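Given the structure is predicted, the values throughout are model-derived calculations rather than measurements.
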Amino acid sequence: LQGRDVNLDINRVVGWRQFCNKLWNATKFALTHLAPEKYTATHHVNDIVTELTNATDLAPRDQWILSRLAVAIKEANSCML
């Protein structure tokens with residue numbers, strides 16, 4: 001149909017792919033350095049975030065980052081239903 005063309009810029013797609021790849025690598029790095037025997041690929045992300053958020057020895061900035069991550073996970077999960 002005329003007027004329904006999608007303006008898809010391949011450079012934006014590549015940029016977002018690279019961003020997602022960086023997030024993936026950062027997550028793998030963090031999980032391997034937290035406690036490799038405890039956090040495995042089969043662990044559910046919500047369980048990990050909840051456990052880390054409840055930790056008392058985290059700096060306020062880390063608690064804030066984890067709280068934002070929890071919100072992002074909740075929003076992403078609700079959009080996938």
Side-chain angles (χ1 to χ4, degrees):
L1 293 170
Q2 191 175 19
R4 292 189 179 240
D5 296 339
V6 175
N7 186 11
L8 181 63
D9 182 9
I10 194 67
N11 291 328
R12 290 188 76 181
V13 174
V14 169
W16 281 109
R17 183 187 62 81
Q18 292 171 340
F19 174 72
C20 290
N21 190 44
K22 286 182 185 205
L23 286 178
W24 172 256
N25 287 331
T27 302
K28 284 191 339 185
F29 176 82
L31 290 178
T32 57
H33 286 81
L34 285 172
E37 68 283 348
K38 191 173 186 179
Y39 301 109
T40 63
T42 58
H43 240 82
H44 197 273
V45 172
N46 286 336
D47 297 337
I48 296 170
V49 171
T50 301
E51 186 173 328
L52 290 173
T53 304
N54 292 335
T56 58
D57 59 342
L58 291 176
R61 66 180 174 271
D62 296 332
Q63 291 174 344
W64 179 82
I65 290 170
L66 289 172
S67 72
R68 298 304 302 153
L69 175 60
V71 169
I73 290 170
K74 184 178 178 181
E75 288 179 11
N77 287 339
S78 69
C79 290
M80 292 186 191
L81 296 177

request  = May I ask whether Leu23 and Trp16 are part of the same hydrophobic cluster, defined by side-chain heavy atoms of I, L, V, M, F, W, Y residues being less than 4.5 angstrom apart, directly or through others?
outcome  = yes
message = Side-chain heavy atoms under 4.5 Å apart, restricted to Ile/Leu/Val/Met/Phe/Trp/Tyr: what other residues fall into the cluster of Trp24, or is it alone?
response = none
request  = Give, for atom CD of Gln63 and atom OG of Ser67, the distance between the pair rounded to the nearest 0.5 Å.
outcome  =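 Output value for this atom pair is 8.5 Å.
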key: CG-CG distance between Asn21 and Asn25, expressed to the nearest 0.5 angstrom   =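 Answer for the CG-CG pair, Asn21 versus Asn25, is 4.5 Å.
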